[in-house]
Amino acid sequence: MPPAPELFTWEFATDPYPAYAWLREHSPVHRTTLPSGVEAWLVTRYADAKQALADPRLSKNPAHHAEPAHAKGRTGIPGERKAELMTHLLNIDPPDHTRLRRLVSKAFTPRRIAEFAPRVQELTDRLIDSFAEKGEADLIHEFAFPLPIYVICDLLGVPREDQDDFRDWAGMMIRHGGGPRGGVARSVKKMRGYLLELIHRKRENPGDDLISGLIRASDDGEHLTENEAAAMAFILLFAGFETTVNLIGNGVHTLLGHPEQRERLQRSLAAGETELLATGVEELLRYDGPVELATWRFATEPLTIDGQRVAEGDPVLVVLAAADRDPGRFDGPDTLDLSRRDNQHLGYGHGIHYCLGAPLARLEGQAALATLLKRLPDLRLAGEAADLRWRGGLIMRGLRTLPVEFTAEPASDEGDALSTL
């Protein structure tokens with residue numbers, strides 16, 4: 001057997017798919033030491049991944065981690081333990097998970113998401129307005145990053161005058177070590193303080209938003225503590241924006257690298273069709289999705305995955321990016337086909353922890369890609385693809401920057417588009 005590829009290097013981050021292909025073939029349940037020093041199992045085949053995502057013996061609660069490393073903050077989101085933000089959907093199991101998910105799911109009904117569509121389109125257009133006259137932009141910082149921040153802030157009920165603070169905190173959180181030492185933990189702490197203050201304000205003056213809904217549920221006897229409400233708001237912001245940043249960024253990057261598929265989608269959009277856009281976003285999620293590894297799971301008892309014995313307390317990480325390129329499940333998995341029909345990808349998970357915000361992320365992704373391709377039809381990469389850098393980090397997959405060029409739109413007299421977001 002050839003030697004195992006080196007994982008978690010900068011070269012690996014640029015294109016992890018050859019390494020994942022090796023793991024699927026030679027070591028589908030692979031023991032490795034992560035950059036943090038934590039040892040974990042990587043599950044890479046589709047069938048194993050889907051089973052592991054729904055296995056109740058794999059707990060989301062880090063208390064089941066056999067090693068003391070968790071107490072040092074080496075798993076999970078930096079700073080969430082010290083900030084007392086652990087009691088959210090990514091860290092708990094039934095019955096608490098069932099109770100909290102039921103409360104939050106009311107904000108993600110089809111009716112609620114449909115109501116958000118005009119606001120998402122408005123934000124999309126205004127963000128493009130802010131750079132369309134320049135003929136160039138960094139699509140991550142000027143478009144893919146602010147769009148979901150403003151959307152999730154609207155959903156939570158964060159006042160418009162406070163949303164730039166959220167944007168700053170969120171920007172620090174997705175740098176994954178690229179900012180000042182301890183910057184993520186400080187941002188998490190600031191965010192918790194603000195959320196607790198906002199919860200108090202919403203209790204006195206509730207609105208038609210998610211935080212007000214959580215407060216009403218708590219007041220009506222759903223037993224939602226103040227820390228639970230703050231943790232839920234925190235994780236919805238954290239998980240609800242970075243996945244969409246990467247969906248848009250990775251999606252545009254993929255389309256720019258596949259001109260035939262991109263032109264096919266543009267022709268469909270010009271004809272007023274929506275079907276290829278819908279299947280295309282699903283294919284982009286499968287091909288190079290925003291979540292590379294599912295969040296942490298810990299074995300509550302000894303178990304076997306694909307013949308490999310996993311000890312009680314061992315961390316297990318399901319590699320969604322590897323499973324979604326498994327030739328045992330997908331025909332031509334390394335080929336981008338925007339019209340792919342049989343596409344039950346795992347990009348947003350599976351089982352009881354399936355991403356609640358997936359419908360909203362899809363709405364944002366479809367609006368962002370469609371509007372970019374229609375308004376900036378000659379969009380192209382500025383510079384060389386080899387010069388692009390991917391953010392460090394274990395769970396998410398996303399670009400640091402995405403510089404593009406295009407034919408500038410004529411200047412307008414409407415002033416600063418960002419000032420009215």
Side-chain angles (χ1 to χ4, degrees), residues 14-15 117 120-148 150 244-290 335-340 361-390 397-418 420-421:
T14 299
D15 183 9
V120 170
Q121 187 61 55
E122 176 189 17
L123 287 167
T124 299
D125 281 318
R126 289 186 176 177
L127 285 168
I128 295 176
D129 288 343
S130 70
F131 58 76
E133 298 172 9
K134 297 189 300 180
E136 61 181 11
D138 175 1
L139 281 188
I140 299 299
H141 293 284
E142 297 180 68
F143 184 65
F145 173 70
L147 175 60
Y150 291 129
T244 308
V245 174
N246 296 344
L247 168 58
I248 297 169
N250 296 6
V252 172
H253 174 256
T254 298
L255 290 173
L256 293 180
H258 295 79
E260 301 88 353
Q261 291 290 311
R262 175 253 190 96
E263 291 166 9
R264 182 184 176 197
L265 179 56
Q266 285 180 303
R267 289 194 300 270
S268 173
L269 293 170
E273 300 167 354
T274 60
E275 185 176 357
L276 189 63
L277 176 65
T279 59
V281 166
E282 298 309 304
E283 176 69 345
L284 294 170
L285 283 162
R286 183 201 68 82
Y287 185 83
D288 196 14
T335 299
L336 182 73
D337 178 6
L338 298 183
S339 59
R340 188 183 294 269
R362 287 183 169 107
L363 171 65
E364 294 175 78
Q366 290 183 23
L369 293 174
T371 309
L372 277 173
L373 293 177
K374 287 190 288 188
R375 289 188 56 178
L376 310 175
D378 63 346
L379 188 72
R380 57 195 178 274
L381 187 65
E384 299 296 326
D387 294 333
L388 295 175
R389 293 292 177 265
W390 297 81
R397 174 166 172 77
L399 288 161
R400 291 179 180 272
T401 62
L402 184 56
V404 295
E405 298 172 335
F406 46 86
T407 300
E409 289 187 347
S412 68
D413 299 324
E414 295 184 6
D416 184 0
L418 291 178
T420 56
L421 287 176

Would you mind reporting whether [Y] and [X] have side-chain heavy atoms less than 4.5 Å apart?
X      : Y      : result
Gln261 : Tyr287 : no
Asp125 : Gln121 : yes
Ser339 : Arg264 : yes
Asp288 : Arg397 : yes
Val245 : Pro148 : yes
Pro403 : Leu388 : yes

Set out, in order, the CA-CA distance, both residues' side-chain angles and the distance that settles side-chain contact (heavy atoms from CB on, under 4.5 Å) for Leu399 and Arg389, then state yes or no. CA-CA 6 Å; Leu399 288 161; Arg389 293 292 177 265; over 6 Å; no
Just do the salt bridge (Lys or Arg N to Asp or Glu O under 4.0 Å) check on Glu142 and Lys134 with the steps written out, would you? CA-CA 12 Å; Glu142 297 180 68; Lys134 297 189 300 180; 2.9 Å; yes
Test side-chain contact (heavy atoms from CB on, under 4.5 Å) applied to Leu284 and Leu336, step by step: CA-CA 8 Å; Leu284 294 170; Leu336 182 73; 4.1 Å; yes
Can you tell whether the side chains of [X] and [Y] come within less than 4.0 Å, N to carboxylate O?
X      : Y      : result
Arg286 : Asp337 : no
Arg380 : Glu136 : no
Arg126 : Glu122 : yes

To the nearest 0.5 angstrom, please state how far the [atom1] atom of [X] sits from the [atom2] atom of [Y].
X      : Y      : atom1 : atom2 : answer
Phe406 : Leu372 : CZ    : CG    : 9.0 Å
His258 : Glu260 : NE2   : CD    : 8.5 Å
Thr401 : Ile140 : OG1   : CD1   : 7.5 Å
Lys374 : Leu265 : NZ    : CG    : 10.0 Å

Between [X] and [Y], which heavy-atom pair has the shortest distance, and what is it?
X      : Y      : value
Gln366 : Val281 : CG-CG2, 3.6 Å
Val120 : Ala367 : CG1-CB, 3.9 Å
Ala408 : Gly135 : CB-N, 3.7 Å
Asn246 : Gly398 : OD1-CA, 3.4 Å
Glu133 : Pro410 : CG-O, 3.9 Å

Is the cationic atom of Arg400 (NZ for Lys, CZ for Arg) positioned less than 6.0 Å from the six-membered ring centroid of Trp390 and within 45 degrees of its normal?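 No; the conditions do not both hold, so Arg400 does not lie above the ring face of Trp390.
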Any side-chain to backbone donor/acceptor pair from [X] onto [Y]? Under 3.5 Å, distance only.
X      : Y      : value
His253 : Gly249 : no
Asn250 : Gly289 : yes
Ser130 : Leu127 : yes
Asp138 : Leu402 : yes
Gln266 : Leu373 : yes
Thr279 : Leu338 : yes

When you look at Phe131 and Val404, which way does the side-chain contact (heavy atoms from CB on, under 4.5 Å) test go after all the steps? CA-CA 11 Å; Phe131 58 76; Val404 295; over 6 Å; no
With Leu139, which of Ile248, Ile128, Leu381, Leu379 fulfils side-chain contact (heavy atoms from CB on, under 4.5 Å)?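 Among Ile248, Ile128, Leu381, Leu379, the one that satisfies the side-chain contact (heavy atoms from CB on, under 4.5 Å) with Leu139 is Leu379.
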Check step by step if side-chain contact (heavy atoms from CB on, under 4.5 Å) holds for Leu147 and Thr244. CA-CA 9 Å; Leu147 175 60; Thr244 308; 5.8 Å; no
Output, in order, the C-alpha distance, side-chain angles, deciding distance and verdict of salt bridge (Lys or Arg N to Asp or Glu O under 4.0 Å) for Glu282 and Arg362. CA-CA 8 Å; Glu282 298 309 304; Arg362 287 183 169 107; 2.6 Å; yes
Starting from the C-alpha separation in whole Å, work towards a yes-or-no answer on salt bridge (Lys or Arg N to Asp or Glu O under 4.0 Å) for Asp129 and Arg375. CA-CA 10 Å; Asp129 288 343; Arg375 289 188 56 178; 2.7 Å; yes
